[in-house]
Amino acid sequence: MEDFQGKIAVVTGGGTGMGRELVRQLATQGCHVASCDVIDANLNETLDLVRSESPDVRVSGHHCDVGIEEDIVRFANEVQEEHETSHINLLFNNAGIGGAGSFINDPRENWERTFNICWNGVYWCLRAFLPLLKASEEAHVVNTSSVNGFWASIGSQTPHTAYSAAKFAVKGLSEALITDFRLNAPHIGVSVVMPGHIGTSIASNSQLIMSGKSEWEFSPEQVKRLREWLTNSGEPVHNESDQQIIDRMKQRMNFFRDNAPTTAAEASGIILDGVKQGRWRILVGDDAHRLDERVRNTPEKAYDEDFFYRII
């Protein structure tokens with residue numbers, strides 16, 4: 001797929017970050033786009049931007065929680081209706097959240113909520129949109145995994161189980177689809193995307209989605225776990241109030257977004273270039289390339305306590 005002119009793309013998680021930039025950049029290249037998000041206000045901002053920047057393409061927004069299969073089925077039906085189409089050319093399984101890092105300490109429902117969005121959201125979207133991809137003359141699936149799809153850690157002091165398990169699954173399915181598509185649907189390509197640290201709002205959006213609130217809200221149990229985590233990380237927080245703990249975490253979330261080595265716009269450009277080049281494996285960011293090399297070179301040391309500090 002050398003260009004996107006006149007194609008029809010579906011992008012999940014289009015409200016912020018890489019999803020928003022994928023929608024914008026596809027539209028500027030003449031691609032019609034259907035995008036979904038679970039936070040309507042964010043998605044509406046994306047739609048307003050795209051319609052002002054690219055008035056000649058058709059863009060539609062859809063409320064969809066990719067952690068619920070019925071929502072995805074409805075989303076697929078809406079895409080066909082609003083775009084008056086029986087096919088799509090591109091499916092970007094981009095939506096994801098973080099959370100439920102500890103398999104031992106975090107509530108099961110939080111663990112499964114994270115896993116459902118990050119894994120089943122990809123699986124169910126592939127099931128729902130596969131007939132539309134098969135009906136096209138040319139198609140490509142882009143599944144967003146992560147560096148945590150080959151390295152299940154964000155440091156020795158922070159468990160990261162639900163997100164990592166889901167991203168490993170996304171990477172594995174994507175690689176297996178290479179052969180399946182080649183044999184049974186040769187007009188469909190597939191890429192797995194593994195971003196490093198990208199400037200997005202995934203941390204703050206995850207908190208909103210997990211809490212089901214329109215504003216950031218932390219339960220007393222969450223604040224307790226945050227306090228313990230900060231203390232174990234060497235932060236002097238034992239005398240801080242609960243509100244100070246919450247404020248500290250909000251600052252960390254904003255710092256993660258605003259000080260990333262790769263912007264969401266840069267990341268989306270790398271992804272789209274990779275699709276045009278027919279690459280099945282797309283690492284995003286110099287940090288992702290360094291980590292990939294280090295894990296491949298010394299896999300047995302990947303979870304040693306000092307490994308994280310040797311890669312940053």
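Applying the side chain to side chain donor-acceptor pair (under 3.5 Å) test to Asp292 and every residue at least two apart in sequence or in another chain returns Arg281, Arg296. Legend: residues meeting side chain to side chain contact (heavy atoms under 4.5 Å, CB included) with Val57, ordered by chain and number and at least two apart, are Ala27, His32, Ser54. Under the rule for a side chain to side chain donor-acceptor pair (under 3.5 Å), Ser86 has no partner lying at least two apart in sequence or in another chain. For Arg58, the salt bridge (charged side-chain N to carboxylate O under 4.0 Å, His left out) partners are Glu84, not counting sequence neighbours. Residues passing the side chain to side chain contact (heavy atoms under 4.5 Å, CB included) test with Gln277, sequence neighbours excluded: Asp273, Arg279. For Glu78, the salt bridge (charged side-chain N to carboxylate O under 4.0 Å, His left out) partners at least two apart in sequence or on another chain are Arg74. When the ring pair (Phe, Tyr, Trp, His ring centres under 6.0 Å) test is applied to His160, the partners found at least two apart in sequence or on another chain are Tyr163. Listed by chain and residue number, nothing satisfies the side chain to side chain donor-acceptor pair (under 3.5 Å) test with Ser268 (two or more places apart in sequence, or in another chain). Taking Asn297 as the reference, Glu293 meet the side chain to side chain contact (heavy atoms under 4.5 Å, CB included) condition, with sequence neighbours excluded. Among residues two or more places apart in sequence or in another chain, the side chain to side chain donor-acceptor pair (under 3.5 Å) test is passed with Asn184 by Asp180. Scanning for ring pair (Phe, Tyr, Trp, His ring centres under 6.0 Å) contacts around His62 gives Phe75, with sequence neighbours left out.
Atoms CZ and CH2, from Arg127 and Trp124 in turn, are 12.5 Å apart once rounded to the nearest 0.5 Å. Between atom OG1 of residue Thr263 and atom CD of residue Glu21 there is a gap of 7.0 Å, rounded to the nearest 0.5 Å. Taking CG of Leu132 as the reference point, atom CG of Leu91 lies at 9.5 Å (rounded to 0.5 Å). Between Asn116 atom CG and Asn120 atom CG the span is 4.5 Å, to the nearest 0.5 Å. Here the CG-CG distance, from Leu90 to Leu133, works out to 8.5 Å after rounding to the nearest 0.5 Å. From Asn110, atom CG reaches atom CG of Asn105 across 12.5 Å, with rounding to the nearest 0.5 Å.
Ring-plane geometry between Phe115 and Trp119 is classed as tilted, the angle between the planes lying from 30 to 60 degrees on a 0 to 90 degree scale. Between Phe307 and Trp151, the ring planes are tilted. Angles from 30° to 60° get that label.
Put simply, the side chain of Thr12 gets close to the backbone of Asn94: a donor and an acceptor are under 3.5 Å apart. Proximity of a side-chain donor or acceptor of Asn148 to a complementary backbone N or O of Ser153 within less than 3.5 Å is detected. Thr46 places a side-chain N or O within 3.5 Å of a backbone atom of Gly15 that can act as its donor or acceptor partner.
Note on residues 164-173: pairs passing side chain to side chain donor-acceptor pair (under 3.5 Å), not counting sequence neighbours, are Lys171-Glu175.
Residue Phe92 is tested with Val10, Asn143, Val142 for a side chain to side chain contact (heavy atoms under 4.5 Å, CB included); the sole match is Val142.
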Going through the checks in order, is the salt bridge (charged side-chain N to carboxylate O under 4.0 Å, His left out) test met by Asp65 and Arg113? CA-CA 11 Å; Asp65 183 336; Arg113 175 70 167 144; 2.8 Å; yes
Start with the C-alpha gap between Thr16 and Asn42, add the side-chain angles, then the distance that decides, and say whether side chain to side chain donor-acceptor pair (under 3.5 Å) holds. CA-CA 6 Å; Thr16 57; Asn42 291 344; 4.8 Å; no
